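All of these numbers come straight from a predicted model, not from anything done at the bench. Here is how names work: the chains are called A, B, and so on, in the same order as the sequence lines, proteins then strands, and each is numbered from 1.
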Amino acid sequence: MKPPPFSYHRGRTVEHAAELLRELGPSARLLAGGQSLLPMLNLRLAEPAHLVDLGSAPGLDAIRRDGDLLVVGATARQAAVENSADVRSLVPLLAEAVEHVAHPPIRHRGTVVGSIAHASAVAELPCAALALDAQLTLLSADGVRTVGAEDFFTGAFTTSARADEIVAQVAFPVTGPGTGQAWSEFSLRRGNFPVAGAGVSITVADGEIVDVAIAICGVSDRPVRARAAEAALLGSRPDPETVAAAAAASVAELTPRGAGDLAAHILPVVAAPVPAWGYRASVAKSQVRRAVTTALTRAGGVR
Amino acid sequence: MTRTTDNQADVPAPTAPHKDMKWIGRSVKRVEDPKLLRGLGRYIDDVVLPGMLHAVVLRSPHAHARIVSVDAERARRAPGVVAVLTGPEAAEQFGPLPDSGPAPDKHVWRVLAADKVHYVGEGVAVVVAENRYQAEDARALIDVTYDVLDPIVDPIAAAEDTGNLVHEALGTNVAYERTFTFGEVARDFADADLVVRDRLRWGRQTAHPLDTTAAIGDYDAGTGEMVVHTNSISMTWLAFGAAVALGIPSNKLDLRPYISGGSFGSKQFCWRSTVTAAMMSKITGRPVKYVEDRLDYQLNGDQHGSDRYYDVELALMRDGTFRSLKIDCVDDYGAYIQFGVGSHGNALAQVTGPYRITSTEYRVRAVLTNKTQQGAYRGFGADAGNWALERIVDKAAAELDLDPADIRRRNLIPPDAFPYHIPSGNMYDSGNYEPVLDHALQRFDYDGWRRKQEAMRAEGRKIGIGVVTANERSVYGATEFWFWFDDKDVPVKTTSTPEGVSMTVDTVGAVTVTLYSTPFWGNSSDTVAAMIAAEEFDVDPADVSVVHHGTKGGLPAAGPGGSRLTVMLAGAITGASKKIKDKLRRIAAHDMEVDEADLEWVDGGYQVRGATDSRRGIADLAMLAYLVKTALPDGEESGLAADFVYDHPHLTMPKPDRSDLGSFYPCVGHACHLVAVEVDEETGSVDILDYVAVHDSGTLVNPRSYDGQIVGGTAQGIGTALAEEMTYDAGGNPLVGTFWDYLIPTALDVPEVNFGHEETPSPITAHGIKGGGEAGRLMAPGALSAAIDDALRDHGVRVTELPATPERIVGWLQGQGG
């Protein structure tokens, strides 16, 4: 459980880190909180020749409001986001989802942006980012571009960011009046990645759902939006039956996955006794129902 | 003391709990804790010796394959590498590991695989380098060519297979098979009103201590002495086994024990790390440290738990009274069988539990497969045995529509029947079971919970209540090593399981106890030793010095295991103390010029009976013993020191036809666990709402640390019941390797346990103590299984397979078995 040899490079600034990535090429990996990368190195599941450490680059750990957005910098720790009053009031789904990430010691090292960039199909934060239509700022030696969460996740541990791009920050839209958000998940042991989880944001006006976003993790090679469920709810005056029907619809539109696929979605290389599709889908359905119900209550729209 | 089966006259009647003791029975903070909690304990990985090298093991990626060649030349040339030893090379230089399984020469167990790999993870080569990073880098450079064979995974199929064998020399994959019949089974089944049958599956699990098994070998080529610093084996009694494997004279080997972050059985007789480190030190002439990483531990640590398939039949009467029990068990031992079927001896020691059952049939088939071999895990087979028995009792209760607490009460062995012999021959020394049940029901508020349950169920909630009444045997006897075989096939009919201690009282009266068994494994050996010595000499336990001696020159000692340590240390320390106190009495009588018979021990000294002004304190007497030879009686040696070797308190021989195995596990405690759970139908999760555990392990030494044993064992039992499983795919590939997928419960998953105690002293041990180290894990799986059944009774779900994972529970709810 010792990593193979690698060269360590400290990025003095985010721009410097981007230059190093460009210079060192594809054998370099970016290091932020290290909560995914370092275990992979110790298990020798990853053997990068170079690590570029973003940890001491100044100004990257900010959590700040910028107009209608809440911006989380690349090295902001999960614990800092969890404990931020701004996050709790402005993007409650993010605050609730981050509480479910592993355990406190891990959240004190791990970063929100790092988890999103790692793009695990079962992790909470990529799913929350998808539900919230987060905007990711990708920075490289060529400059800066912005990508929406839905375009960012392209597969298991795979994103539309190039190897030399750094996710410098992620911006989450802040909630307005009438919006309720909720995260619900079921994991086999508290602190583990969920079997399946759902992030929901719903806006209710005059008893009617006027905006709804639902994302599910654990059921595909990436977090997915539950478009059929969203459609079933949008414009409705929801009651428990409608919510249950929407939850059923959220699973019905998914493509069943075999055990091998599911294992590969969860952890590259090592086989794992992952819950089978049928169970996973049934848990996903229950979590969508629970998250939608809670979000509606919080939006003041449940009857 | 060995007695014949028929002579039980010397078992005294049970006594009332001792109430006149100063330390025994008091909750005392553990003497080990100040150093451990302040980070001042010295664990094996803290030990750094000058010039020390680091070893890593190359593990087989295949479940079953012939080793065609091992090319280590690139690794040998890698930076920092000092030595590489391949399996074929090791087989030429070192002997097999000690294996007490049947026909060890036909399933030869080596520290590294020599010609064939038998499971994923089996060692194929060891690399030793200046640091662990370099050793792991070089390990990746070893080229092994394998001829991959069909894996042997399913034990039921493997038992029938004669073509594809784990060990060709054995000629079969069934390492052991025998049916034992104890009493009139056929008659009792014929007489019974009904027979309840169950097919049960106990999944494979492992203990997970905080630290893995590790050792540092330190060979002195000048003297030929090998010192091994180790957190695993240290028992003087069988240490010669390691010497034989290493090719070292037994009196040149010293295994020095270290504290450990737990064992739970997994470090019991753990030869591999000791031999790995020692053989590499012998080769390199430098100290070599081998610390298993978590994958080494999980895949190549020789400590998986029982992996059983049960068919159980209980014959009983309409009124719910039990008659007879039949158990047919296939146990998947993995690739080797280091302890034979000893884990079935543990089950047979209490095969009928706390119940009056007059006859028993027990069939065991031990099957070898391409998996990591079994070792010991807290309960050592009695865990699965208790679960199977409690499952069939619950099924019987359901068929007769009896309350599960009630059917148990009807069958409990009554207090006047002790000492009680169960059908297998084992003796239960003492017991008073009904007060334990009553205490637990009252503490749990059983009737109140039943009312609450009905109200909650009316709201649609799936609430269930489970109860078990079960036993915990303690203090194993050595007949268990061999009574499996006919007398003619047993070379040495071992009957010793000794535990020796040395004690000194120094010149100023300070007490030192030297132990020859493993220090802190979580089982508080130092606290026990200090409390027992403090009781004898009227000193504070915190002032007793406890020393752990290495095996070289040590008294015979078997160390922890089978919940024996507290009983055995109490016996040994009581015996050694008596020798010293007898000498103190002689010196006091001589010095005071009174008759020895007129002296009594009071508050740390001898005084003339009834005359408090005429006394000699321990410090006064010690001063004389060490410094004033002329004050001693003629012929009395200077100093105050005594050795005492305590052996098994009550062992009787098995009958030649094995219709009676004799008494081999006689100190038998009892417990009742009650649990209320809520099951989530959608996710299959089981939430524990309330948990009560009432235990009777004889005289309590330290209730505080005993409660810790119960909650720890219960936590492991919760993992056993709900989450932990070492799974393999059809190719024999382990699907579990890390804590990512092997789900041990955390503090967030374990409820507060509401403890209660009863005390029925043992009539055969010092102070009436019984062992209690495994108890929680022996009860929780049965209690939780019953509670899940009860919660899901409207769906006809019964837990017949453990762990009852959320996914399995949802499957059962959807009608897929269960």
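- Using a 4.5 Å cut-off on side-chain heavy atoms (C-beta onward), Thr805(B) and Leu188(A) make no contact.
- Looking at Pro39(A), there are no atoms closer than 4.5 Å to chain B (heavy atoms on both sides), in backbone or side chain.
- Of the residues considered (Asp749(B), Leu748(B), Asp137(B)), Asp137(B) shows the highest number of contacts with chain A, using heavy-atom pairs under 4.5 Å.
- In the displayed structure, Arg10(A) atom CZ is contacted under 6.0 Å by at most 12 heavy atoms of other residues, nucleotides or ligands.
- Between chain B and the options Lys285(A), Arg289(A), His103(A), Gln287(A), the largest number of non-hydrogen pairs under 4.5 Å is found for Arg289(A).
- A distance of 10.5 Å separates CG in Leu43(A) from CH2 in Trp740(B), rounded to the nearest 0.5 Å.
- At least one donor-acceptor pair under 3.5 Å links the side chain of Tyr279(A) to the backbone N or O of Thr683(B).
- Contact of the Tyr133(B) side chain with the Pro4(A) side chain is not registered, since no non-hydrogen atoms from C-beta on lie closer than 4.5 Å.
- To the nearest 0.5 Å, the span separating CZ on Arg44(A) from CD on Glu136(B) amounts to 5.0 Å.
- Looking at Leu722(B), neither its backbone nor its side chain comes within 4.5 Å of chain A, counting heavy atoms on both sides.
- Salt bridge annotation for Glu807(B)-Arg280(A): absent, with no cationic side-chain nitrogen under 4.0 angstrom from a carboxylate oxygen.
- Using a distance-only test at 3.5 Å, with no hydrogens or angles considered, no donor-acceptor pair links the side chain of Arg189(A) to the main chain of Thr746(B).
- The most heavy-atom pairs under 4.5 Å with chain B, out of Ser282(A), Gly278(A), Pro3(A), come from Pro3(A).
- Dense packing is recorded around CZ of Arg77(A), with more than 12 heavy atoms of other residues, nucleotides or ligands lying under 6.0 Å away.
- Neither the backbone nor the side chain of Asn733(B) comes within contact range of chain A; no heavy atoms are under 4.5 Å apart.
- Neither the backbone nor the side chain of Tyr728(B) comes within contact range of chain A; no heavy atoms are under 4.5 Å apart.
- Proximity of Val283(A) to Val810(B): side-chain heavy atoms (C-beta onward) are nowhere separated by under 4.5 Å.
- For Ala276(A), the parts sitting under 4.5 Å from any heavy atom of chain B are the backbone and the side chain alike.
- Between Glu682(B) and Arg290(A) the shortest side-chain heavy-atom distance falls below 4.5 Å.
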